[in-house]
Amino acid sequence: MKHTFRPEGRGEHRIMKKQSSIVKPKGIIECPVCGEKEVVDEKASGKVSHKCKCGHLIESDYDSMTAVEIRPTRGVTRQFEPVMPAI
């Protein structure tokens, strides 16, 4: 079978760069409740909230490399639910 390459757009060839699966760590953040460790990639920045393996909600700050336990805000998700149009 002969395979032909059909470029997209204006005839430009799209070449995908091979991405490395090796994580270059910036550091390690520990859960303030259970001590579970989280490896942070060197390109990570900002804040993220996630549920730890111990079940507590944790906010990790990748800039200062700290983690604090937070309480979930009740009822906020209802404000952002998509409204389906009536048919």
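Heads up: numbering here begins at 1 and tracks the sequence. All values derive from a computational prediction rather than experimental measurement.
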Share the residues that join Val68 in a hydrophobic cluster, the rule being Ile, Leu, Val, Met, Phe, Trp or Tyr side chains under 4.5 Å apart at the heavy-atom level. Leu57, Ile70
Tell me, please, which residues at least two apart from Thr66 pass side chain to side chain donor-acceptor pair (under 3.5 Å). Ser64
Check side chain to side chain donor-acceptor pair (under 3.5 Å) between Glu36 and all other residues, then give those that pass, not counting sequence neighbours. none
Which donor-acceptor pairs under 3.5 Å do the side chains of residues 41-54 make with protein atoms, sequence neighbours left out?
from, atom 1, to, atom 2, distance (Å)
His50, NE2, Glu38, OE1, 3.3
His50, NE2, Ser60, OG, 3.2

Pairs meeting criterion salt bridge (Lys or Arg N to Asp or Glu O under 4.0 Å) with involvement of residues 54-67, two or more places apart: none
Tightest non-hydrogen contact, residues Ile58 and Glu69, listed as CD1-CA, 4.2 Å
